[in-house]
Amino acid sequence: MENKIECNFMPIGYVKNDSASVPRHWSVSDVEGELVISPEYQDGIRDIKPKDKICVIFCFHKSPPFPHEKLIQKPFHMNTEKGVFSICSPYRPNPIGFSVLEVLEKSENIIKVRRLDMLDGTPILDIKPYVEYKEL
């Protein structure tokens, strides 16, 4: 049974950085840049502070359409093929990315961050707080 639901997203801002290339994953990145949030969403970031970690959901806006044969991929840093849902490839059925970033500073609608793995101009779909897992 196939359940297709149309999902429309409007970016809340975009990424700004001067880097010509970025690492493939935030966990190995030291790239700094800015999250420029649209002014109408500025009140929503009022409680984000330096030293916070934030989860940023974004769109791989430069990825080509997803071909079915990309369900299995061989990451460049692995010796084996993997299913797309067990790797962090930008080639996905839905071009959605997720990164955990360190907040360096915030001013009005701009959040300066470290650990970017997003290209300049990447659309930001959402920001959520980073919450560590705790055993109950």
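For clarity, every value in this text was computed on a predicted model and none was experimentally measured.
- A 6.0 Å sphere centred on CE of Met10 holds no more than 12 heavy atoms belonging to other residues, nucleotides or ligands.
- Taking CD1 from Ile96 and CD1 from Ile57, the interatomic distance works out to 8.0 Å, rounded to the nearest 0.5 Å.
- Distance check, rounded to the nearest 0.5 Å: NZ of Lys53 to CD of Glu132 gives 6.0 Å.
- A 6.0 Å sphere centred on NZ of Lys74 holds more than 12 heavy atoms belonging to other residues, nucleotides or ligands.
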| Which is it for Asp30 and Arg115 under the side-chain contact (heavy atoms from CB on, under 4.5 Å) test, yes or no, and what are the steps along the way? | CA-CA 5 Å; Asp30 245 359; Arg115 303 237 172 269; 3.4 Å; yes
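- At distances below 3.5 Å, at least one donor-acceptor pair connects side-chain atoms of Ser29 with backbone N or O atoms of Leu116.
- With sequence neighbours left out, the side-chain hydrogen bond (donor to acceptor under 3.5 Å, both in side chains) criterion links Glu6 to Asn8.
- Between Met118 atom CE and Leu35 atom CG the span is 6.5 Å, to the nearest 0.5 Å.
- No donor-acceptor pair under 3.5 Å is formed between the side chain of Ser99 and the backbone N or O of Leu101.
- A distance of 11.0 Å separates NE2 of His25 from CD1 of Ile87, quoted to the nearest 0.5 Å.
- Remark: the backbone N or O of Val84 is paired with a side-chain donor or acceptor of Arg92 at under 3.5 angstrom.
- Rounding to the nearest 0.5 Å places CD1 of Ile12 at 6.0 Å from CD1 of Ile124.
- Between Lys128 and Ile54 the shortest side-chain heavy-atom distance does not fall below 4.5 Å.
- The pair Arg114-Glu32 meets the salt-bridge criterion, with a side-chain N (NZ, NE, NH1 or NH2) lying under 4.0 Å from an Asp/Glu carboxylate O.
- Under a 3.5 Å cut-off, the side chain of Asn109 and the backbone N or O of Ser38 do not form any donor-acceptor pair.
- In terms of hydrophobic clustering, with Ile, Leu, Val, Met, Phe, Trp and Tyr side chains grouped at heavy-atom distances under 4.5 Å, Leu71 and Tyr91 are assigned to different clusters.
- Not counting sequence neighbours, the partners of Lys4 by the side-chain hydrogen bond (donor to acceptor under 3.5 Å, both in side chains) test are Glu2.
- Few gaps surround CZ on Phe60; more than 12 heavy atoms of other groups in view lie less than 6.0 Å from it.
- Side chain of Ser63 to main chain of Pro90: a donor-acceptor pair is present (N/O by atom type, distance under 3.5 Å, no hydrogens or angles).
- There is a path of hydrophobic side-chain contacts, each under 4.5 Å, that joins Tyr41 to Val103.
- Although no hydrogens or angles enter the test, the distance criterion places a donor-acceptor pair under 3.5 Å between the side chain of Lys106 and the main chain of Arg46.
- Remark: Lys16 does not engage Asp120 in a salt bridge, criterion side-chain N to carboxylate O under 4.0 Å.
- When the side chains of ILVMFWY residues are joined at heavy-atom separations under 4.5 Å, either directly or via intervening members, Ile110 and Ile48 end up in two distinct hydrophobic clusters.
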